[in-house]
Amino acid sequence: MRAARLHHPLSWWALAALPLAFLGLFFLWPLGTVLARGLTDAGVDLAGMIEILTSPRTADAVVTTLLLATAGTVGSVVIGVPAAYALYRLRWRGQATVRALAVVPFVLPTIVVASAFTALFGRSGGLGFLGLDQSMVGIVLALVFYNVAVVLRVVGGAWAALDPAPTEAARTLGADPRRAFLHVTLPALAPAIGSAAAVVFLFCATSFGVVLVLGGTRINTIETEIYLQVAQFLDLRAAAVLSILQLLFVGIALAVAAWARRRRDRSSTMRRVDGTRLATRGDAGAIAVILVVLALLVSAPLVALVERSLRTTDGHGVDHYVALFGQPGRAVLPVPVWAAAVNSLAAATVAAAVATGLGLIVASLLMRRTGRSAILDSVVMLPLGVSAVIVGLGMLLTLNRSVLGVDLRGSWWLVPMAQAVIALPLVVRTLVPSARAIPAPMRDAASTLGASPWQVWRLVDWPLLRRPFGLALGFAFAISLGEFGATTFVARPDQPTLPTAIYRLLGRPGIENVGMAFAAAVVLALMTASVMMVSERMRTTVGSDL
Amino acid sequence: MRMQRTFTIAALAASSLALAACSSGGEQDPGAQPSDTGSPGPTATGDAAPDLGSEVTVVTHDSFAVPDDVLAAFEEESGLDVTFVAPGDAGALVNQLILTKDAPLGDVVYGIDNTFASRAIAEGVLADYESQAPAAADAADYALDGSGALTAIDYSDVCLNYDLAWFEEAGLDVPQSLGALSDPQYRGLVSVTNPATSSPGLALLLATVAEFGEDGWEDYWRALAENELRVTASWSDTYFTDFSAPNYGGDYPIVLSYASSPPSEVIDGEPTTAALLDTCFRQVEYAGVLEGARNPAAGQAVIDWMLSDEFQATIPDNMYVYPVSSSVDIPEAWAEFAPLAEDPHTLAPDVIDANRDAWIETWTSIVLG
């Protein structure tokens, strides 16, 4: 097997050095520094650590985290799976737009979305009658709003590529549709659903802004506890202990996801087909029901957002959109919002290029399952499950100085690097299934015929990876555009990104400021939707994890 | 590598207007040698360190703002290239300075307030400096006992604000004190922020400790909690989402904000909100040179600049707080719509620092528990 040349340990590690160096510098070093300081600064105190772990406050936070994450995951799956059928298995006019819209929430800044939800749930809000203000149920709804997109993409991709023949055979043999679904379709989809559920669980368990704002600080999770311990009480030990606890949960969720993926990848060696079919008149009812549910869940907060962006002192108008092009009060922002948007675009371009470039390398390295590829896979996924406060603080502790002779203090480049760290796991999950689906005999044949590893990659791998690469690029770009948690620690005040500009606009009284914040959020949503629509077109039938 | 030079000569030229209005020193030849103007402002001291170096980094929070022209004039006169870093919001600032003590984030910090000042001093993140700038005498009124490390730059009052029209329509008396808010007639009308996640929330907690004493504040919050007090995570949730003022249309006619907020809610020349001036806590913001700074002399020059009339005059419009200097004008709208509390609540910074964490935990168990 000469194509295995890349899989020689030495050349494998040589290629792995680049992504590992990147993650090492911008993620592992900062993370390790915070954890080490927390655990050892005041001397290693095991009793103290155990005390934190066993305190009622921690227990409460753990239970709440598990409850919220479980409910958010179940909700996302219950709504996402039928919606995946309607939006991906069936074909109908206009579905591309609905698909793109459904993904927008995933990358919207939590501060604005949470505020839109709060307005909806308030006493006089559109959904005020539900009595969900500052409740667990309200938070769960917001979590589902954010994460249904993940289920849609993962399960939708698998469903679109599902061979309809076995189901048809079952029906021919006399199974009613329900039986055929439960015994044929569902088992085939189970790995995709499991993989999606694990990722959603992870996002829900580490959710911060939604829990803090919608819970009105009454509801505490591990993530909000970490934030409080760092930002208010300066208790790095507690923060470190809680972070490790969180990593434990993340590890379990990732293991479940990997297990599900393995089953899916195995099933992906089966025949890949275009399993979509044109929607018929008989499907109209089902599509309508799903559209109504999605509309209620996804568009109610988005409509609330748009309404607030148009609200002025004497009615409604586009004043706040016009203001995006002017210089706001200097108190608020040193640059006009459009300049922040340009800065965001620039940073997201760099971040997306870095994340997808590294992602491509990682995907090539993960093509074959070995012990070392499992290690690399876990390391790359870690940023998904570490609190942004910890990452941001870590970057502050480690990168605000000269590193290898390069002065990084206040460097603009820290912003796209932080964003690339956050985007990388999702890029890898998008690319790996396609990379693993590349037929090994094809690569082997090319090698046998004398192609160098580079030629094999260029002539065999790349043509098959090009389309998921486009999708990953779009995803990385959209995520970088919306990233706030880590960016806020490293963005320079005179060069805000769109999300940090929104945050600052919300820090000053006056309707012009809150109006501009919401208008800027709508612009961000539109930018995201456009990027996602373009990348939708690059979607393959092979499917991806995201 | 930077994407752009934010502060350009063009900005300097374009906006000499604002500078000319309040400055006598601003008309100096911009080409003057840096050594002639070792520190900015009309009373620049000749005996300041002659060599300030070429770069200075100011650590601040994300509410810091100064007009480009005023900054450009300072850079021109001092020969310094000023960089601002703002790692997060005001509350987290001191903690981050403490964590980065070994490799300081910059030369000078602006934005440490009296609720966290003692922690910063106790942790040794600041070096002593006594400014000779014009407003230093005014700043001394707010000096911390027993330490020369922090120089007061500005102050503000955190106060409850109320919706004028709502109270008129409801025919309800406006509550005149903190104590009145536990009255059942104000049930479900008040939205405040959590002291653990929001600095105005902490200020309100401290105001109640000052008002009701260490023995009484817990009972007061117990009564408020029973009176359907609403608590949110941040000021923007309480103000933009909850406030019933005409600009926002929320459900709560009394919210936690600042004495300086009402001018932002003037519609057609008429105020729509006002501050309850007997509910205020005074927040003072300080600047200080960082211990271990690369360029302490330049850090000192920045503090002198912040006390100069040029800088002090920009404070109200740019940061919505009052300058310590008694010689600069306050905007007219402020005199009309944003008067300060005559007798705000205060607590000594060392008392705050000794009890802050315990008070917040007690508050949490009473109000949210």
Side-chain angles (χ1 to χ4, degrees), chain A residues 37 111 114-115 118-119 122-125 128 134 212-213 215-218 227-228 230-234 236 311 313-314 329-335 343 346 392-393 396-397 400-401 409-413 488-495 500 503-504 506-514 517, chain B residues 1-4 6-7 57 60 62-68 83-89 91-92 94-96 98-100 103 105-106 119 194 196-197 230-237 239-242 246-251 257-258 260-261 264-265 267 314 317-320 357 360 368:
Chain A
R37 278 194 65 167
I111 183 169
S115 160
T118 314
R123 282 196 295 234
S124 59
Q134 300 197 342
L212 199 65
V213 174
T217 69
R218 282 170 201 275
Y227 165 78
L228 278 185
V230 172
Q232 185 66 38
F233 300 117
L234 193 59
L236 269 200
R311 203 190 295 170
T313 298
D314 44 7
R330 292 208 179 278
V332 183
L333 269 183
V335 297
N343 187 37
L393 183 65
L396 209 60
L397 290 181
N400 249 290
R401 62 178 75 176
R409 290 212 303 182
S411 165
W412 179 85
W413 293 92
T488 179
F489 277 86
V490 287
R492 289 174 44 146
D494 54 341
Q495 293 174 345
T500 63
Y503 182 80
R504 291 186 59 176
L506 286 174
R508 296 293 188 192
I511 192 169
E512 67 282 7
N513 294 328
V514 67
Chain B
M1 214 167 86
R2 294 188 193 166
M3 288 296 287
Q4 64 195 75
T6 311
F7 312 112
T57 302
T60 180
D62 55 17
S63 298
F64 176 81
V66 62
D68 286 354
T83 304
F84 293 93
V85 293
D89 57 14
V94 168
N95 289 350
Q96 291 177 353
I98 294 168
L99 293 171
T100 55
L105 298 174
R119 181 185 277 183
N194 184 328
T197 56
R230 179 176 171 84
V231 178
T232 71
S234 74
W235 173 86
S236 67
D237 297 326
Y239 196 81
F240 288 137
T241 309
D242 287 353
N247 274 339
Y248 311 115
D251 297 326
S257 192
Y258 293 84
S260 59
S261 305
S264 300
E265 311 306 337
I267 299 175
T314 70
D317 277 340
N318 285 275
M319 292 190 275
Y320 289 77
D357 290 356
I360 288 175
L368 304 179

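A, B, ... follow the sequence lines: proteins, then strands. Residue 1 opens every chain. This one's a predicted model, so the numbers in the text were calculated from it and none came from an experiment.
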Rounded to the nearest 0.5 Å, how far does [atom2] of [Y] lie from [atom1] of [X]?
X: B:Ser236; Y: A:Arg508; atom1: OG; atom2: CZ; result: 12.5 Å
X: A:Leu506; Y: B:Ser234; atom1: CG; atom2: OG; result: 8.0 Å
X: A:Gln495; Y: B:Phe84; atom1: CD; atom2: CZ; result: 13.0 Å
X: A:Arg311; Y: B:Asn247; atom1: CZ; atom2: CG; result: 9.5 Å

For chain A, which of [options] has the most heavy-atom pairs under 4.5 Å?
options: B:Ser257, B:Ala196, B:Pro246; value: B:Ala196
options: B:Ser260, B:Gly249, B:Ala233; value: B:Ala233
options: B:Asp251, B:Leu368, B:Ile360, B:Ile267; value: B:Asp251

Which region of B:Tyr248, side chain (C-beta onward) or backbone (N, CA, C, O), has a non-hydrogen atom less than 4.5 Å from a non-hydrogen atom of chain A, or is it both or neither? both

In terms of heavy-atom proximity below 4.5 Å to chain A, should B:Thr100 be classed as side chain, backbone, both, or neither? both

Determine the option with the most heavy-atom pairs under 4.5 angstrom with chain B, choosing from A:Gly216, A:Pro509, A:Ala114. A:Pro509

Does the side chain of [X] reach to within under 4.5 Å of the side chain of [Y], using non-hydrogen atoms?
X: A:Val514; Y: B:Tyr239; answer: no
X: B:Thr232; Y: A:Thr217; answer: no
X: B:Leu99; Y: A:Leu393; answer: yes

Against chain B, label A:Leu212 side chain, backbone, both or neither, depending on which of its atoms sit under 4.5 Å from a heavy atom there. both

Determine whether the side chains of A:Ser115 and B:Asp237 contain a donor N or O and an acceptor N or O closer than 3.5 Å. no

